[in-house]
Visitor: 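Quick one: this structure, given as structure tokens, is what I'll be asking you about.
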Amino acid sequence: MSFTLNDRPARVTATREAAAPRRRTRVFALPEARWAAAALVLFLIALPLQLTGAPAWAWGPLYALAYVTGGWEPAWAGLQALREKTLDVDLLMIVAAIGAASIGQVMDGALLIVIFATSGALEALATARTADSVRGLLDLAPTTATRLLDDGGEETVATEDLMVGDTILIRPGERLGADGRVLDGASEVDQATITGEPLPVPKESGDEVFAGTLNGTGSLRVKVERDASDSVIARIVAMVQEASETKAPTQLFIEKVEQRYSVGIVLATLAVFGVPLAFGASLTDALLRAMTFMIVASPCAVVLATMPPLLSAIANAGRHGVLVKSAVVMERLGQIDAVALDKTGTLTEGTPRVTDVRPLTGAGPTGLTGPTGPTGATEPTGLTEDGVLSLAAAAEHPSEHPLARAIVAAARERGLVLPDVRDFSSAPGVGVTAVVDGRTVAVGAPARLLADAADPAVAMVVGELEAGGRTAVLVQCDGVPVGVLGIADRLRPDAAATVAALTTLTGTAPALLTGDNPRAAARLAAEAGITDVRAGLLPQDKVAAVREREAAGRKVLVVGDGVNDAPALAAAHTGLAMGRAGSDLALETADAVIVRDELATVPSVVALSRAARRLVVQNLVIAGVFISGLVIWDLVGHLPLPLGVLGHEGSTVIVGLNGLRLLRDAAWRRAATSAGEDR
């Protein structure tokens, strides 16, 4: 009985679950935003009452409540910092507001509180939106799973209670509760949330599945292979959470300067208050000028200049499949000026594929007819490519070897009907044999199958394929060579374009670092447009190649996926790991992870990092111009307190909003477009 590789239990493509709305923190879910809004409302009610001449008892309490609602959080934070012998900018703002109220400028102090609270709410919103991508990933995994018992029964358990080795049942339409491998069943699984694949992926026995992905119309029995804490989603979440806890070097420098600067402001404020007073100025005028000086000279905008752009860039990159572990990494990505790429699984898809089918007996109708061969059986002649591939796939179908899977996959792509198979056997390092439709078919390494009696015609074909960097697989029928298959890893579709974009971005062509043989490496490198090829490298050799470039003054970005890439990822200025097939060690060592395995995101995230660095510089310039201008105005002329408040806090708001620009999808599109235009 013959069978077709497309014959599977009938199933219809599952209706894909509507894309879950992106979890975005609502503004008023943040306490900072609620307090700021309350202060603003109270201020807007009190202001017209004051301007229309209402008695002070009508608007005074409203202003007082605005001071409390908008100022208690920064005041408390400032006092906490003061206990640690640190002078916080927040406390300076509150002191300035209270000082303004003490000399009768109640409205001006309230305005300062409102604007300062609003800028704090904007900063909190930027941080919360960064964490949204993390929570979105957490929401993908279900909270419970159906575990199968040894006696055939079922029980519902929390996903965190699943153990490695447990078997779980995934019903149609359910989300998978753990990473594992399919033991039984066939279905299509929507992996878009993890890998970005636009269509559901067929899954059957032996296929790997991930927690949080959506099952289609079939049922699957899955063996759990990772604890919940080690699942792809959990590891991704852990890495992104680290980003919100780290600060870029620029930010750390600013914080060190901020402490000294704040002390300097206090001393300068005392001088601005005391010197005019000593020369006969009124107490009110001297105090008002001093309070105005303290407000406009405070470095709020400078402090806010660095983190929002970097955190926004991290959140945006995370939504597009590149999870950056920290703001430090996001800043460093924009500094790289050299790139080193691994081959297998990075520049290539990491899966062997049949690239050539070479019949040895000439082209002709598919079949097994011809003269009698040495064994007395009819010698096959006139086999077409499909005929050779059909024999090889039928013999290899029971095998789990990667090359066998590549041959069977090639037959599946052509929709071939395979003959009946029996008496399958496998010899490690040699190949497989099986009786296919009554004939003995052997598939394996040419050197092992031919032994010393190598046919010159076969040797020529094998030599051609191996010279092109392919693995040659010989197909024999009843001891007679009938064809040779060429198998190789396939270059990613976006590899050449990515190499060109990185060349333009960094000013130097990427290097290829691989442990593969030189012929295969040279073939792939030529297809991708890489000229600097270093093949046959051990892990320490890759590290040496990276350090060689680092010693020459380069800041190297290494992109890899395997355990052997981990040392180079650690040694590089920045390391990027391919997340879908990447080893645990590579994922842990790398500074960032490309979850969807889209190589084209590498130049995009580099361009986004450079955009973030440009915004940081812009913000520092904006903050510096506002502070210096307002300080000079206050010292040389007479700067009204309301204008000082508006100018200083307005610059803080501008800087905050400027950083939030990188949260928009348009920022990623611009980064990708700029990388594409560079090509």
Side-chain angles (χ1 to χ4, degrees), residues 20 23 131 133-171 174-185 187 189-196 201 203-215 219-245 318 321 323-326 345 350 561-563 565-566 569-570 577-597:
R23 286 192 57 177
S133 59
V134 179
R135 287 196 294 269
L137 289 171
L138 286 170
D139 289 344
L140 295 176
T143 56
T144 61
T146 302
R147 181 163 58 190
L148 299 179
L149 305 176
D150 293 338
D151 60 4
E154 301 176 3
E155 64 175 348
T156 300
V157 297
T159 51
E160 60 264 25
D161 294 335
L162 290 173
M163 306 288 290
V164 174
D166 285 349
T167 301
I168 57 176
L169 176 65
I170 313 299
R171 295 185 172 88
E174 288 185 346
R175 286 195 178 273
L176 278 74
D179 288 2
R181 199 165 297 276
V182 177
L183 293 177
D184 185 35
S187 186
V189 177
D190 185 347
Q191 299 186 155
T193 51
I194 299 295
T195 66
V201 179
K203 297 290 183 181
E204 53 188 13
S205 180
D207 289 338
E208 187 178 17
V209 290
F210 305 105
T213 55
L214 180 65
N215 187 27
S219 293
L220 298 173
R221 287 197 310 120
V222 174
K223 181 179 180 180
V224 178
E225 293 190 337
R226 295 191 187 98
D227 289 329
S229 59
D230 292 329
S231 69
V232 172
I233 287 181
R235 285 183 291 168
I236 289 171
V237 168
M239 287 186 286
V240 178
Q241 284 177 330
E242 292 176 12
S244 61
E245 299 170 2
L323 297 174
V324 181
K325 290 185 179 181
S326 70
D561 72 313
V563 172
D565 298 319
L569 290 170
M578 306 298 285
R580 184 178 173 189
S583 69
D584 291 348
L585 185 58
L587 293 176
E588 292 171 5
T589 305
D591 299 304
V593 178
I594 306 172
V595 180
R596 300 174 185 171
D597 269 16

Visitor: Would you call Leu220 and Val189 a side-chain contact if the rule is heavy atoms closer than 4.5 Å?
Guide: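 Leu220 reaches Val189 side chain to side chain.
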
Visitor: Working to the nearest 0.5 angstrom, can you tell me the gap between Asp161 CG and Glu155 CD?
Guide: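 One finds 9.5 Å between CG of Asp161 and CD of Glu155.
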
Visitor: Rounded to the nearest 0.5 Å, what separation is found between the CZ atom of Arg147 and the CE atom of Met163?
Guide: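 If I round to the nearest 0.5 Å, the distance is 8.5 Å.
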
Visitor: Nearest 0.5 Å, please: how far is CD1 in Ile170 from NZ in Lys203?
Guide: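 Answer for the NZ-CD1 pair, Lys203 versus Ile170, is 12.5 Å.
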
Visitor: Could you state the interatomic distance from CZ (Arg175) to OG1 (Thr213), rounded to the nearest 0.5 Å?
Guide: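 Those atoms lie 8.0 Å apart.
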
Visitor: For Glu154, which residues count as a salt bridge (Lys or Arg N to Asp or Glu O under 4.0 Å) partner, sequence neighbours excluded?
Guide: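 In terms of salt bridge (Lys or Arg N to Asp or Glu O under 4.0 Å), with neighbours along the sequence ignored, Glu154 is linked to Arg171.
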
Visitor: With rounding to the nearest 0.5 Å, note down the distance linking CD1 in Ile168 to CD in Glu174.
Guide: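 Between Ile168 CD1 and Glu174 CD, I get 9.0 Å after rounding to 0.5 Å.
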
Visitor: Quick one: closest heavy-atom pair of Arg181 and Gly206, and the distance?
Guide: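 Looks like NH1-O, 2.9 Å.
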
Visitor: Counting only heavy atoms not in Asp151, do more than 12 sit closer than 6.0 Å to its CG atom?
Guide: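 Correct, the count exceeds 12.
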
Visitor: With sequence neighbours left out, what residues match Arg221 under side-chain contact (heavy atoms from CB on, under 4.5 Å)?
Guide: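 Once residues adjacent in sequence are excluded, the partners of Arg221 under the side-chain contact (heavy atoms from CB on, under 4.5 Å) criterion are Leu148, Thr167, Leu169, Leu183, Asp184.
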
Visitor: Which value, rounded to the nearest 0.5 Å, describes the distance between Glu225 atom CD and Asp166 atom CG?
Guide: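 Interatomic distance, Glu225 CD to Asp166 CG, rounded to 0.5 Å: 12.5 Å.
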
Visitor: Is there a side-chain contact between Val324 and Asp591 (heavy atoms, below 4.5 Å)?
Guide: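 A side-chain contact under 4.5 Å is absent here.
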
Visitor: Sub-3.5 Å donor-acceptor pair from the side chain of Thr159 to the main-chain atoms of Pro142, do we have one?
Guide: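 Checking the backbone N and O of Pro142 against the side chain of Thr159, a donor-acceptor pair under 3.5 Å is found.
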
